[in-house]
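Order of the sequence lines sets the chain letters (A, B, ...), proteins ahead of strands, with each chain counted from 1.
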There are 2 protein chains.
Amino acid sequence: MNSITANAQPLEATVAELSRAVGLLLRRLRAESNADELTWSQTVALSHLEQAGAMTTAELARAEQVKPQSMGATLAELEREGLVARQPHPTDGRQVLFALTSEGVRARRKRSAAKQKWLLDAMGALDTSEQRTLIAAAELLKRLAETHAEEE
Amino acid sequence: MNSITANAQPLEATVAELSRAVGLLLRRLRAESNADELTWSQTVALSHLEQAGAMTTAELARAEQVKPQSMGATLAELEREGLVARQPHPTDGRQVLFALTSEGVRARRKRSAAKQKWLLDAMGALDTSEQRTLIAAAELLKRLAETHAEEE
DNA sequence: TATTGTTATACTCTATAACTATA
DNA sequence: TATAGTTATAGAGTATAACAATA
């Protein structure tokens, strides 16, 4: 319809394909994750804690855009497994800080590599320009996910 | 470590970021989907049937890389809601073809636009080169998701 | 009053296992 | 025997609602 051939595809079709691709890939990531002892959600929570040192339930929930109750369930499970531990918040008695235990650190290091190995291998099989596309896309997808719905 | 600056980031970091971005976006897509009367999985199944006309449980399961039992559950729910109907397979008595009913077509058309409206809006807010990146990424993500794990 | 977290409950999505019917 | 589908069961992930403690 116009001369920008790379954009000839209507945005609707791209949205549909992108949605489906994202669904397929996440299902695959979860399935691979299950081969390990950590679930997908647990892995994500642990990696936040590894980066940040200690976070509250509410902070983690905001980072992953889930409800605090949902994150609370994930943290409770990790705590039961001894991978995270609570610390009192220094100034606010309502809040609870969670941090990796030494076993949590160990588990995280040991498993994170193996966990996403298939994706690493699959990405390694792409050529350099394709890898660059995905690096850029990761940033864009994050931005899309964080777009507010209440903009209309 | 080398001169290709766009690739200076280790692939591991990209894999982690891409995984997380995909998780965030799908969670968001599901949440928006719930505002509708169709769930995410139902929507995906309906769009396959809309494109293909009629498909068997096994075909749909393969297309979405889930087990036949899982797809069977989704189809059973859609059937209960009157959005899809069974047809006997012309030559194989074991197989069952599913197709959209007229209500299924109507529901699909009516809802598909609204369903992904926020993503359409969000993508519309990106510039042309960013949109192009996502168009290319959709294809790559699909390819990644379909990579076999058993390659090692 | 507002915020943080917890407990209780339910729904969606998906899997595995065991089964029936047909090829 | 192999394949398509169904039924039963379970676990992960998430949500909403109602509550308690603290700010």
Side-chain angles (χ1 to χ4, degrees), chain A residues 20 22-46 54-81 84 86-98 115 145, chain B residues 19-20 22-46 54-81 84 86-98 145:
Chain A
R20 181 161 165 274
V22 162
L24 283 176
L25 186 57
L26 188 66
R27 200 179 293 125
R28 182 64 187 278
L29 283 166
R30 282 190 191 280
E32 297 288 339
S33 189
N34 288 348
D36 243 327
E37 296 110 68
L38 291 176
T39 67
W40 174 259
S41 302
Q42 289 171 355
T43 303
V44 174
L46 289 182
M55 293 174 78
T56 66
T57 305
E59 283 169 347
L60 281 162
R62 271 192 297 273
E64 280 304 306
Q65 297 180 208
V66 296
K67 300 298 169 192
Q69 297 96 316
S70 303
M71 186 54 72
T74 299
L75 288 169
E77 181 61 23
L78 286 170
E79 189 182 25
R80 249 188 354 98
E81 292 172 4
V84 304
R86 294 160 185 262
Q87 300 168 358
H89 191 283
T91 62
D92 187 334
R94 297 169 303 179
Q95 299 185 47
V96 182
L97 284 164
F98 286 88
K115 181 169 306 281
Chain B
S19 300
R20 181 161 165 272
V22 162
L24 283 175
L25 187 57
L26 188 66
R27 201 180 292 125
R28 182 66 185 277
L29 283 166
R30 283 191 191 278
E32 298 287 339
S33 190
N34 287 348
D36 245 326
E37 296 112 68
L38 291 176
T39 68
W40 174 258
S41 302
Q42 289 170 356
T43 304
V44 174
L46 289 181
M55 292 174 79
T56 66
T57 306
E59 283 169 347
L60 281 162
R62 269 193 298 274
E64 281 304 306
Q65 297 180 208
V66 296
K67 299 298 170 194
Q69 298 96 316
S70 303
M71 186 54 72
T74 300
L75 288 169
E77 181 60 25
L78 286 170
E79 188 182 25
R80 252 191 349 100
E81 292 171 4
V84 303
R86 296 161 181 261
Q87 300 168 358
H89 191 283
T91 62
D92 187 335
R94 296 169 303 179
Q95 298 185 50
V96 183
L97 284 165
F98 285 90

Q. Given atom CD of A:E81 and atom P of D:dG11, what is their separation to the nearest angstrom?
A. 14 Å
(Q) Nearest whole Å is fine: how far is C:dT14 P from A:E32 CD? (A) 16 Å
Q. OP1 or OP2 of C:dT12 sitting under 4.0 Å from any side-chain N/O of B:R30?
A. no
Q: Please report the closest heavy-atom contact between B:T57 and B:M71, naming both atoms and the distance.
A: O-CG, 3.8 Å
(Q) Tell me the interatomic distance from B:W40, atom CH2, to D:dA15, atom P, rounded to whole angstroms. (A) 16 Å
Q: Considering just the side-chain nitrogens and oxygens of B:T39, establish if one lies under 4.0 Å of OP1 or OP2 belonging to C:dC13.
A: yes
Q | Any B:S41 side-chain N or O less than 4.0 Å from OP1/OP2 of C:dT12 | A | no
Q: Using a heavy-atom cut-off of under 4.0 Å over every strand shown, decide if B:T56 touches base, sugar-phosphate, or nothing.
A: sugar-phosphate
**Q.** Nearest-0.5 Å distance, CD of residue B:E59 to CD of residue B:Q95
**A.** 7.0 Å
Q: Scan B:T57 against the nucleic acid and name what it touches under 4.0 Å (heavy atoms): base, sugar-phosphate only, or nothing.
A: sugar-phosphate
Q. Nearest-Å distance, CZ (B:R27) to P (D:dG13)?
A. 10 Å
Q: Measure from NZ on A:K67 to P on D:dC19 and round the result to the nearest Å.
A: 20 Å
Q) More 5' along DNA chain C: A:F98 or A:G23, using each one's nearest nucleotide? A) A:F98
Q: Remember a base hit wins even if backbone is also touched, and classify B:E77 as base, sugar-phosphate or nothing at under 4.0 Å, heavy atoms.
A: nothing
Q) Out of D:dA15, D:dG5, D:dA23, which has the shortest distance to the side chain of B:Q95? A) D:dG5
Q: Rounded to the nearest angstrom, tell me the gap between atom NE2 in A:H89 and atom C1' in C:dT3.
A: 12 Å
Q | Check: A:Q87 side chain, A:A54 main-chain N or O, donor-acceptor pair, under 3.5 Å | A | no
**Q.** A:V66 vs A:L60 side-chain heavy atoms within contact, under 4.5 Å
**A.** no
Q) How do B:Q69 and A:Q69 order along DNA chain D: which one's closest nucleotide is nearer the 5' end? A) B:Q69
Q: Specify the separation, in whole Å, of atom CZ of B:R94 and atom C1' of C:dT22.
A: 6 Å
Q: Output yes when A:E77 and A:R80 qualify as a salt bridge under the 4.0 Å nitrogen-oxygen rule, no when they do not.
A: yes
Q. Taking CG from B:L75 and P from D:dG5, how many angstroms apart are they, rounded to a whole number?
A. 9 Å
Q: Report yes if at least one side-chain N or O of B:R86 is closer than 4.0 Å to OP1 or OP2 of D:dT6; otherwise report no.
A: yes
Q: Could you check whether B:G93 gets within reach of a base, just the sugar-phosphate, or nothing at all, counting any heavy atom under 4.0 Å?
A: sugar-phosphate
